[in-house]
Visitor: 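Please find one structure pasted underneath; my questions will follow.
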Amino acid sequence: MANQQNILDTSIEYVKGIGPARGETFRKELNIHTVYDLLFTFPFRYIDRTTFHLIKDIHTDGDNIQLKGTLVSLEKVKSKSNRSRLTGMFKDSTGFLELVWFQGATWLDKTLKVGEEYIVYGRVTIFSGKKTIAHPEMELISDAVVSIAKTFDPVYSSTEKMDGKGLDSKARRKIVKALLLSISETDLPETLPPYVIDKLKICSRYNALQWIHFPQDDSQKELATNRIKFEEFFFVQIRLLQSKIYRQYKYKSAPFATIGDYFNTFYKTKLAFELTNAQKKVIKEIRTDMGKTTQMNRLLQGDVGSGKTVVALLSMLIALDNGFQSCMMAPTEILAQQHYASITSSLGDMPVKVAFLSGSIKGKKREGILSELREGNIHILIGTHALIENTVVFSRLGLAIVDEQHRFGVAQRASLWKKNDELAPHILVMTATPIPRTLAMTLYGDLDVSVIDELPPGRKEIQTIHKYENARPQLIQFMHSEIAKGRQIYIVYPLIEESEKLDLQNLQDGYERLLQYFPLPDYQISVVHGRMKAKDKDWEMQRFINKTTQIMVATTVIEVGVNVPNASVMVIENTERFGLSQLHQLRGRVGRGADQSYCILMTDYKVSKEGKERIATMVRTNNGFEIAEADLKLRGPGDIQGTQQSGLLDFKLLNIGQDKAIMDAARHIAIRIIEDDPKLERVIHENIRHQVAKLRIKHKDWGRVS
Ligand code: ADP
Ligand code: MG
């Protein structure tokens with residue numbers, strides 16, 4: 001078996017029409033090494049050769065269209081800026097259409113042939129008040145054998161170097177076409193069991209590959225695309241679910257059978273409010289999980305302000321009631337400190353020993369904490385990723401909580417499990433902001449999920465308002481009146497890496513302008529930004545928390561977790577420069593007290609279309625889950641913070657913002673299969689098992705989880 005050379009494993013240079021030099025180009029430019037790589041690099045669009053449009057019917061609706069007709073004339077025009085453009089007049093039996101090229105005018109002028117019949121392909125736009133196609137693809141009818149055969153022609157991404165080596169999309173089309181003809185179904189065995197294919201009415205893998213390159217109609221294109229998308233997600237799910245099962249089998253945890261004094265005393269005497277039903281439901285889920293000898297691996301999702309911290313604390317008290325330590329890890333120092341402050345203050349005089357650890361805790365103090373921890377004298381350790389360092393050793397770690405913003409990788413999470421000798425701690429992962437369900441299924445598909453879908457009662461909906469610069473006088477007035485009522489105000493400036501200096505200047509200017517309207521000594525203003533020393537930052541924060549200052553001017557360092565219930569106004573400057581989830585996080589800093597809160601989104605007059613969409617979303621809804629969905633749609637998963645390196649999102653065709661139905665089906669079926677046959681030992685699952693093994697070799701990072 002092992003020695004049998006499959007045509008798909010053939011090195012790219014041996015493919016007819018490629019050879020050593022072009023093979024090298026494929027490797028270097030596109031990371032394509034084998035026939036398999038070539039065939040599994042799909043076209044990014046198709047030229048629709050199935051229909052020819054008529055000039056009289058064309059619209060400027062954004063779609064590419066194909067026309068057939070004659071090039072009547074060509075004219076090179078020099079513009080005022082002395083750049084030439086080439087315009088052409090094209091006609092079919094129904095009318096005339098102008099074509100224009102702004103680049104390569106001289107070359108095209110020489111190669112295009114007036115009086116000949118062409119197939120013209122491109123997008124119709126309005127130029128100088130007329131319908132025009134700019135930079136159309138032109139193909140002489142006499143050359144276009146394929147085109148007239150009414151197909152979709154694949155278009156592959158290319159590079160300048162590839163074009164130079166004669167490997168443009170057209171050339172590649174020929175190579176791929178020939179290759180596909182030489183591939184049989186045995187070369188490309190099915191990876192899914194027949195019953196799945198039947199049930200979902202999807203096409204075979206072999207057909208999918210043929211059709212994804214050369215579909216004859218829309219239905220083939222769709223069948224092929226859906227099959228490939230399904231497969232992409234299905235195998236990610238199989239892998240996640242298998243590692244979940246494997247973990248359950250491999251890692252045992254201490255069952256927390258008791259609900260004892262710590263939990264009960266806190267619940268009865270310290271808890272300042274009634275838990276929401278959603279919080280109760282989630283605590284029940286966690287209790288049930290932690291009552292078992294299998295390790296809990298649970299994701300807790302809840303909107304900003306939904307009260308995840310108290311759920312975390314109650315879970316840690318259950319661990320303590322059973323004689324175990326807990327730790328809680330946050331993505332930033334500020335957030336970790338907030339957790340520490342809020343947890344110690346809500347515990348009050350209870351005999352629970354809580355400690356804080358981060359990179360900034362050094363020397364004797366650190367050693368003290370570490371030795372107390374080893375002795376088991378510290379019950380709860382809160383901190384940053386400093387917690388996963390090897391020097392941090394617990395006496396009996398029973399529960400590890402990770403509060404994350406898609407920032408910790410699977411590997412980092414895993415390193416927490418190993419913090420206990422024999423028994424693995426139970427794991428609770430909390431997300432700082434909600435993430436869309438499809439993204440959660442992917443990034444956290446190996447975890448069980450709890451959702452807090454309800455905010456504590458009595459919260460007034462934050463009013464979100466978009467204002468342009470001309471409303472600044474009103475804004476100042478509004479700030480004065482809120483401060484007069486005793487409220488506090490945040491003003492946040494964007495800080496983007498590349499232009500950090502400029503941004504700090506913005507913040508500085510903004511601060512100085514504020515001083516004119518809110519002069520000392522009647523008013524006090526805190527300033528906090530990322531370039532400050534931690535000590536100074538803390539001091540400024542503290543002044544805001546204890547109400548010495550009424551206004552806090554800050555960069556996004558306050559984004560996560562800061563909790564000042566008396567602050568009721570959040571002003572965001574240059575809103576157009578923030579991402580949606582960031583805006584939602586920022587808004588979540590207000591609305592924490594009983595007062596009506598406001599979020600004011602200031603922008604320049606010029607805002608991009610996407611920027612407008614983000615702002616409209618913020619104004620429309622306060623629901624973090626809705627915002628997360630909108631964010632995913634607008635930006636795509638690749639841009640969502642921290643997800644890039646995960647390797648889990650390397651899909652070729654699947655779009656997790658759009659392919660919900662396919663993802664649901666794939667997950668659903670994967671769950672059924674893994675529950676029924678966790679090791680994929682049944683004959684009917686043999687091909688799944690083979691494919692998993694293959695993928696495991698191909699994606700080495702797959703191994704990291706298990
Ligand atoms: P997040 O889920 O964003 O981490 P927090 O845990 O910081 O939210 O909770 C936000 C605020 O709501 C805190 O001040 C917390 O004390 C308060 N809170 C949490 N649960 C309740 C509840 N059931 N009733 C009233 N207030 C609550
Ligand atoms: Mg929180």
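Remember, it's 1-based here, ligands and their atoms both numbered in the order they're listed.
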Visitor: Output the list of atoms in ligand 1 that are nearer than 4.0 Å to some heavy atom of Leu275, sorted by atom number.
Guide: 23 (N)
Visitor: Salt bridge check: are Glu540 and Lys537 linked by an N-O gap of less than 4.0 Å?
Guide: no
Visitor: How far does CG of Leu373 sit from CG of Leu381, to the nearest 0.5 angstrom?
Guide: 5.5 Å
Visitor: Going by the order shown, which atoms of ligand 1 are within less than 4.0 Å of some heavy atom of Arg459?
Guide: 10 (C), 11 (C), 12 (O), 17 (C)
Visitor: Is there a polar contact between ligand 1 and Phe273, counting only N or O atoms under 3.5 Å apart?
Guide: no
Visitor: Using a 4.0 Å cutoff against the non-hydrogen atoms of Val304, which atoms of ligand 1 qualify?
Guide: 3 (O)
Visitor: Where does the angle between the aromatic ring planes of Phe324 and Phe256 fall among parallel (under 30°), tilted (30 to 60°) and perpendicular (over 60°)?
Guide: tilted
Visitor: Can you check which of Gly305, Gly593, Ser342 brings a heavy atom nearest to atom 3 (O) of ligand 1?
Guide: Gly305
Visitor: Would you call the rings of Phe518 and His480 parallel, tilted or perpendicular, where under 30° means parallel and over 60° means perpendicular?
Guide: parallel
Visitor: Which of the atoms in ligand 1, numbered in the order shown and given with their element, are less than 4.0 Å from a heavy-atom of Arg592?
Guide: 3 (O), 7 (O), 10 (C)
Visitor: List in chain and number order the residues that pass salt bridge (Lys or Arg N to Asp or Glu O under 4.0 Å) with Lys660, two or more places apart in sequence or in another chain; answer none if no residue qualifies.
Guide: Glu629
Visitor: Checking contacts here: is it the side chain or the backbone of Asp303 that comes within 4.0 Å of ligand 1, counting heavy atoms only? Could be both or neither.
Guide: backbone
Visitor: Take Thr548 and Asn546 through the test side chain to side chain donor-acceptor pair (under 3.5 Å) and record every step on the way to the result.
Guide: CA-CA 6 Å; Thr548 309; Asn546 65 29; 2.4 Å; yes
Visitor: Not counting sequence neighbours, which residues clear salt bridge (Lys or Arg N to Asp or Glu O under 4.0 Å) with Arg298? List them please.
Guide: Glu285, Asp289
Visitor: His339 near ligand 1, heavy-atom distance under 4.0 Å?
Guide: no
Visitor: Using a 4.5 Å cut-off on heavy atoms from C-beta on, say whether the side chain of Leu370 contacts that of Val393.
Guide: no
Visitor: With atoms numbered from 1 as shown, which atoms in ligand 1 lie under 4.0 angstrom from a non-hydrogen atom of Glu274?
Guide: 22 (C), 23 (N), 24 (N)
Visitor: Consider every N or O of Gly307 and every N or O of ligand 1, then say whether any pair is closer than 3.5 Å.
Guide: yes
Visitor: Out of all atoms in ligand 1, which are within 4.0 Å of some heavy atom of Thr276? Include the element for each.
Guide: 23 (N)
Visitor: For ligand 1, which atoms have a heavy atom of Thr309 less than 4.0 angstrom away?
Guide: 4 (O), 5 (P), 6 (O), 7 (O)
Visitor: State plainly whether the residues Glu389 and Arg366 are in salt-bridge range, i.e. N to O under 4.0 Å.
Guide: yes
Visitor: May I ask whether Gln338 places a heavy atom under 4.0 Å from ligand 1?
Guide: no
